[in-house]
S.K.: 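Below is one structure. I have some questions about it.
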There are 6 protein chains.
Amino acid sequence: MTTSPATTTICVINPNSSETMTAHLERTLDEVRAPTTRLRVVRAPDGPPSIESAFDEAQAIPPMLRLVASAETDGCDAIVIACFADPGLHAAREIASIPVVGMEEAALHVAAMLGHRFTILTTRAARVPAKRDHVAALGLEARLASIRPLGMGVLELDAEPARAEARIMDVGRAAVEEDGAEVLVLGCAGLAGYGRQLTATFGAAVVDPATVALKIAESLAVLRLAHSKRGLYRRTGVSERAQRC
Amino acid sequence: MTTSPATTTICVINPNSSETMTAHLERTLDEVRAPTTRLRVVRAPDGPPSIESAFDEAQAIPPMLRLVASAETDGCDAIVIACFADPGLHAAREIASIPVVGMEEAALHVAAMLGHRFTILTTRAARVPAKRDHVAALGLEARLASIRPLGMGVLELDAEPARAEARIMDVGRAAVEEDGAEVLVLGCAGLAGYGRQLTATFGAAVVDPATVALKIAESLAVLRLAHSKRGLYRRTGVSERAQRC
Amino acid sequence: MTTSPATTTICVINPNSSETMTAHLERTLDEVRAPTTRLRVVRAPDGPPSIESAFDEAQAIPPMLRLVASAETDGCDAIVIACFADPGLHAAREIASIPVVGMEEAALHVAAMLGHRFTILTTRAARVPAKRDHVAALGLEARLASIRPLGMGVLELDAEPARAEARIMDVGRAAVEEDGAEVLVLGCAGLAGYGRQLTATFGAAVVDPATVALKIAESLAVLRLAHSKRGLYRRTGVSERAQRC
Amino acid sequence: MTTSPATTTICVINPNSSETMTAHLERTLDEVRAPTTRLRVVRAPDGPPSIESAFDEAQAIPPMLRLVASAETDGCDAIVIACFADPGLHAAREIASIPVVGMEEAALHVAAMLGHRFTILTTRAARVPAKRDHVAALGLEARLASIRPLGMGVLELDAEPARAEARIMDVGRAAVEEDGAEVLVLGCAGLAGYGRQLTATFGAAVVDPATVALKIAESLAVLRLAHSKRGLYRRTGVSERAQRC
Amino acid sequence: MTTSPATTTICVINPNSSETMTAHLERTLDEVRAPTTRLRVVRAPDGPPSIESAFDEAQAIPPMLRLVASAETDGCDAIVIACFADPGLHAAREIASIPVVGMEEAALHVAAMLGHRFTILTTRAARVPAKRDHVAALGLEARLASIRPLGMGVLELDAEPARAEARIMDVGRAAVEEDGAEVLVLGCAGLAGYGRQLTATFGAAVVDPATVALKIAESLAVLRLAHSKRGLYRRTGVSERAQRC
Amino acid sequence: MTTSPATTTICVINPNSSETMTAHLERTLDEVRAPTTRLRVVRAPDGPPSIESAFDEAQAIPPMLRLVASAETDGCDAIVIACFADPGLHAAREIASIPVVGMEEAALHVAAMLGHRFTILTTRAARVPAKRDHVAALGLEARLASIRPLGMGVLELDAEPARAEARIMDVGRAAVEEDGAEVLVLGCAGLAGYGRQLTATFGAAVVDPATVALKIAESLAVLRLAHSKRGLYRRTGVSERAQRC
């Protein structure tokens with residue numbers, strides 16, 4: 001038991017501007033980080049207050065990319081983008097050479113290892129088609145039991161905890177009993193913290209994307225394993241605009 | 001032959017800042033517009049000079065969305081986003097109620113009606129994985145013969161027409177003879193204008209995305225048929241930030 | 001606004017023998033044709049009275065192919081096959097060099113651009129598996145919310161308009177509310193004309209295949225863009241039997 | 001060993017008009033029929049001389065369907081449609097209640113049980129896209145190594161046996177060595193008889209569709225197992241036209 | 001009617017240890033075997049009493065493979081593995097050169113020829129994900145209507161025939177009426193014998209896997225057609241351990 | 001930096017009997033384990049000397065499952081099955097309640113996060129179809145660039161290091177340059193240790209499955225996240241045989 005206990009710095013970027021969500025995220029991750037991990041949790045002050053549409057994502061990405069560039073410059077070992085839609089993940093990997101982990105991508109790949117099919121709990125019904133597209137883009141449709149909306153927005157989940165809890169337990173039950181879900185993925189920040197109750201009540205494995213993303217980031221950092229720069233994540237046409245970033 | 005010849009205004013948005021590309025686009029579209037169509041071709045002065053990476057797309061989208069909002073306010077009947085990667089298409093549909101047509105989406109659906117399999121000609125090899133993802137997201141993988149890079153960037157294609165032409169003919173031949181392509185899709189602005197020569201030489205159907213997108217936009221405008229606002233294109237979480245757009 | 005207003009002749013072939021359906025089709029299309037389009041709507045007097053099975057399709061195709069051959073000989077610029085099952089579409093493209101547009105193929109590709117998922121309204125439950133196969137053959141399964149039968153045949157829809165309307169509204173509601181459809185495709189001739197009511201009631205985009213097919217045909221004719229003759233639509237083994245057609 | 005040796009009559013329908021192909025087919029099948037099977041091999045005198053395009057198929061189907069109806073009336077126990085494109089298979093099942101076996105469908109399902117991936121040998125390159133569609137329609141793409149054209153038509157294969165043999169061996173080698181095929185499917189009538197040589201030379205399993213289809217037909221007849229009439233093969237809209245068949 | 005009536009020996013291996021199931025299997029197969037088939041039905045005395053989990057399969061496979069090796073040595077012409085999960089099928093084909101037929105693989109391919117979509121009736125709900133994986137591995141997802149559990153284990157089905165019958169009819173009805181199944185596959189030994197009643201009541205085609213597998217084995221034996229040894233079924237790394245089997 | 005440094009015990013099971021491979025595995029993992037991880041690396045003395053076929057896997061699984069049961073009884077926190085084919089993974093999860101990580105499953109999910117497409121390097125050509133099936137079973141086909149065999153068996157790789165190295169570099173080059181691989185997965189034990197050289201030479205990300213599996217196992221143990229026991233990994237039919245394990 002004498003492996004080098006060198007510390008690793010993981011930069012966790014919340015692409016929205018919310019201070020309370022950021023503080024909550026930091027507390028959650030601090031509980032599961034490795035003893036050798038130093039956490040740096042930041043938010044985008046000029047990002048939208050919450051990210052609930054493609055429009056929101058479009059506004060959030062440029063400020064987030066500036067934080068990605070800073071994290072690498074400042075010597076971080078890996079980055080987590082802490083929004084379940086993984087906004088700007090590909091662009092972030094284009095400009096970074098350290099590993100960049102998306103909460104959604106990491107959570108769904110891990111969920112696929114914990115049971116045959118998973119259900120994603122999300123906020124609103126109108127978000128379901130976009131989530132379905134994300135699952136398909138990752139090639140994981142065969143493992144999707146369902147996407148179940150709570151019918152509440154991000155800010156409502158925060159503001160009305162009693163109603164939120166009742167909805168979460170209802171929707172979790174439907175996923176498990178009606179859709180055959182074996183794994184539940186907590187598909188928005190407001191759901192963090194309900195995992196233990198869902199497992200205790202329904203016997204499903206419950207994936208909290210933020211904590212899973214942190215552990216994957218730590219793992220990649222220790223293994224010195226970053227995304228390939230040969231194809232999808234190679235920044236092309238870059239020479240003439242390199243000074244911009 | 002007495003159907004109402006009411007005019008239709010189509011706003012064509014070039015999300016990059018290039019004046020020459022915008023002028024070229026306008027000339028091309030003017031040749032194929034319906035007599036009853038009024039074209040308004042605009043560019044994003046604060047967009048990137050060309051769009052060749054996910055990073056470029058991220059920078060291009062916010063200015064483009066402002067042009068989308070203006071087009072609707074100004075009474076346009078439909079919008080074309082004139083970049084073959086369809087950057088920001090979903091966000092544009094969230095904020096617009098008039099039809100928004102993406103060049104890539106329209107071109108690939110039409111290509112799928114013209115032969116069993118199509119090849120997309122693109123700029124650089126590193127762009128191939130992203131193109132493959134786009135085709136998959138549209139559900140059209142079964143119709144993809146190949147994606148063939150020219151090995152030249154957007155600005156090079158413009159600057160070196162003789163080399164560009166030689167490469168285009170070489171790559172077109174390989175697509176048809178080696179990959180079994182029946183249809184060729186001209187997957188970047190610099191390729192417009194080579195269609196006739198490719199058809200004459202190889203007998204393939206050749207899709208020029210800009211012109212196809214314009215005709216689809218005209219068709220939707222005449223049919224008064226816009227995207228549904230019930231799901232993917234419904235802007236959620238919007239109330240608290242409506243004033244921003 | 002001075003593009004050449006040359007006229008274009010579109011031949012619309014109804015492969016069944018019904019005079020009333022043909023007349024209805026002509027009226028519908030006349031409302032949306034371009035001012036420069038001359039319509040020629042024909043029917044197959046020796047075709048079946050309606051096309052509701054693979055057996056019907058088999059009987060309908062040979063007479064329809066004779067009409068396709070005539071349309072090209074007579075100088076038409078494009079052809080629409082006006083039956084939602086697209087019977088004989090591949091064979092028609094083998095023998096024609098002008099564009100041949102299938103109502104179903106055109107409608108489903110356009111539907112895929114108007115929302116994340118579409119529902120096809122069809123006549124009878126036993127037709128659902130064949131429709132599912134058609135969607136799969138076009139590679140559009142990921143965009144299919146459901147196929148919903150009305151439980152009424154083509155001739156019944158015509159004969160009992162009040163019952164038809166009630167069923168159509170019921171089935172449209174189920175598609176939108178239970179299946180998550182964002183777009184409704186009116187999958188048989190008897191449904192034409194209910195689009196406006198369905199949109200007004202449920203907020204879904206509604207695709208009327210005949211009108212969409214006409215606009216795609218006009219678009220292809222103007223762009224001088226026909227199907228490729230290099231593969232699927234090349235007529236093979238033809239020399240020894242050329243005189244037969 | 002005392003199971004009832006009741007005889008079974010299998011009607012094998014060649015949908016083209018060729019007498020020599022029909023005679024050859026009869027000889028081939030006679031060698032592998034069960035002792036209790038009575039073969040009735042018929043051809044369509046008014047069908048096309050060979051079936052090498054969608055146009056040919058369209059002409060072949062109506063005469064073939066009349067032979068299907070006769071076979072059932074005449075007391076046959078099962079039907080084989082002896083053309084590797086399975087023309088009119090669905091329509092035949094609509095009008096027949098006895099089992100109808102398609103050569104292509106039966107051969108590909110059996111091929112999928114004999115190795116991981118199969119190659120279909122076909123006549124001309126332009127037939128490849130249609131074959132690919134057939135494989136996809138059966139849901140067997142994952143088992144397809146390749147479709148390899150011989151570059152010779154059906155009638156040429158008959159007329160030039162030495163050239164045919166050389167091509168078949170060349171193409172078989174390429175399938176096995178370059179495409180990783182473990183099974184070869186002889187995808188047109190002219191290829192029957194080369195199986196033994198291909199197996200001996202390349203070690204691949206070789207599927208002769210006619211013989212496989214006969215054995216499946218015999219099996220279904222003995223098991224008294226016919227296609228379901230509840231969905232795809234139910235003839236709809238039939239009452240008003242029942243007398244036509 | 002003078003084809004050589006040479007006899008064929010088919011070895012049917014029940015990989016569990018149950019004597020009553022083995023006897024029942026033998027009676028069932030004896031009714032449908034060809035007059036020229038000699039049946040040899042064996043069981044694995046050291047296998048598990050029933051096979052209802054991946055753990056059970058793991059225990060069942062080594063004894064079963066010894067029976068496979070004996071069958072070939074003893075001059076059998078083909079082998080049927082008589083457990084609906086096809087345990088050890090690939091390993092069996094690695095060590096055998098005579099055809100090895102899996103009940104599940106054969107039944108599902110035949111089911112796919114009898115209707116558009118099939119439902120598998122299985123024992124317990126927890127078995128559904130594994131069945132879904134099997135269907136996917138065969139590439140037949142597009143043909144799957146549903147997998148319906150009876151909620152009874154293999155031994156319960158045997159012990160409580162009245163409750164079993166009621167459940168089977170209930171589940172069959174749900175498959176046909178709610179899931180659109182056209183074909184029902186009797187996915188465990190305890191269901192054999194209910195086929196006639198299900199067909200009579202619901203009009204669905206019903207596939208009894210044991211009988212179908214026997215007929216496929218007889219067919220392959222007569223056609224002298226075995227699995228390919230070039231890829232998936234080639235036993236690699238074998239030289240140094242050849243004496244072990 | 002004060003998170004509880006409680007130790008975690010990870011049991012790594014080599015399902016073959018090789019002492020040298022086991023020792024090599026232990027050294028490799030010791031370099032990347034967390035300071036808080038206690039490794040217990042075991043082998044199956046009664047397993048096959050190497051696992052290179054479905055037959056080998058069948059022999060390896062029962063002894064391996066006994067080691068799985070012991071690991072849980074002995075208080076381990078997670079288990080890694082250290083064979084790139086993941087033999088017996090589902091059965092292991094049925095009998096264990098602590099997390100069980102498969103090398104192949106973990107490696108491929110992580111590879112999918114590091115680039116658009118990965119190539120698996122494997123031993124022999126005949127193993128390619130089985131690998132392809134594994135990738136499909138995980139739902140990751142869209143991310144597969146190719147599977148490239150080295151043409152050398154496990155024991156040869158060990159015995160001939162110079163030849164092995166030359167082959168590995170050749171095959172890595174082909175994967176990257178011809179197949180477009182961005183990520184290389186070292187698909188058998190003999191390849192461990194070549195990662196750094198492959199990355200340095202070709203710029204691809206290289207995944208060493210053993211180290212990735214260990215980090216995933218550590219992550220799951222820290223997050224107290226195990227596979228769901230509600231479906232695929234629930235051991236059914238267990239009551240009557242519980243005493244056996």
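In what follows, chains carry the letters A, B, and so on, assigned in the order in which the sequence lines appear, proteins first and then strands, with residues in each chain numbered from 1.
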S.K.: Shortest non-hydrogen contact from D/Pro62 to C/Pro62?
M.R.: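 Smallest heavy-atom distance, with atoms named: CG-CG, 4.1 Å.
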S.K.: Taking CZ in C/Arg132 as the centre, count heavy atoms belonging to other residues, nucleotides or ligands within less than 6.0 Å. Is the count above 12?
M.R.: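 Above 12, so yes.
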S.K.: Once you round to the nearest 0.5 Å, how far does NE2 of D/His90 lie from CD of C/Glu57?
M.R.: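 D/His90 NE2 to C/Glu57 CD: 11.0 Å, rounded to 0.5 Å.
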S.K.: For chain D, find which of C/Pro87, C/Ala54, C/Ala130, C/Ala91 contributes the most heavy-atom pairs closer than 4.5 angstrom.
M.R.: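 The residue among C/Pro87, C/Ala54, C/Ala130, C/Ala91 with the greatest pair count is C/Ala54.
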S.K.: Surrounding CD of D/Glu178 (heavy atoms of other residues, nucleotides or ligands, distance under 6.0 Å), is the total greater than 12?
M.R.: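 Check passes, neighbour count above 12.
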S.K.: So with a 6.0 Å cut-off around CZ of D/Arg143, is the heavy-atom count from everything else above 12?
M.R.: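 Enclosed: over 12 neighbouring heavy atoms sit under 6.0 Å from CZ of D/Arg143.
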S.K.: Which heavy atom of C/Leu232 sits nearest a heavy atom of D/Arg127, and at what distance?
M.R.: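 Heavy-atom minimum between the residues: O-NH2, 4.3 Å.
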S.K.: To the nearest 0.5 angstrom, please state how far the CD1 atom of D/Ile61 sits from the CD atom of C/Gln59.
M.R.: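 Atom-to-atom, D/Ile61:CD1 and C/Gln59:CD are 9.5 Å apart.
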S.K.: With rounding to the nearest 0.5 Å, note down the distance linking CD in C/Glu52 to CZ in D/Arg235.
M.R.: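 Going from the CD atom of C/Glu52 to the CZ atom of D/Arg235 covers 11.0 Å.
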S.K.: Output yes when a side-chain donor or acceptor of D/Glu94 lies under 3.5 Å from a complementary backbone atom of C/Ser53, and no otherwise.
M.R.: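 No, the answer is negative, given that no donor and acceptor are paired below the 3.5 Å cut-off.
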S.K.: If you count heavy-atom pairs under 4.5 Å with chain D, which of C/Ala92, C/Pro129, C/Ala125 comes out on top?
M.R.: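 Top option by heavy-atom pairs under 4.5 Å: C/Pro129.
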S.K.: Step through the shown structure and confirm whether more than 12 heavy atoms of other residues, nucleotides or ligands are within 6.0 Å of CZ on D/Arg224.
M.R.: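 Not buried by this count: 12 neighbours or fewer within 6.0 Å.
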S.K.: Does any backbone or side-chain atom of D/Ala58 lie under 4.5 Å from a heavy atom of chain C? Answer side chain, backbone, both or neither.
M.R.: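 For D/Ala58, the contact with chain C is made by backbone and side chain together.
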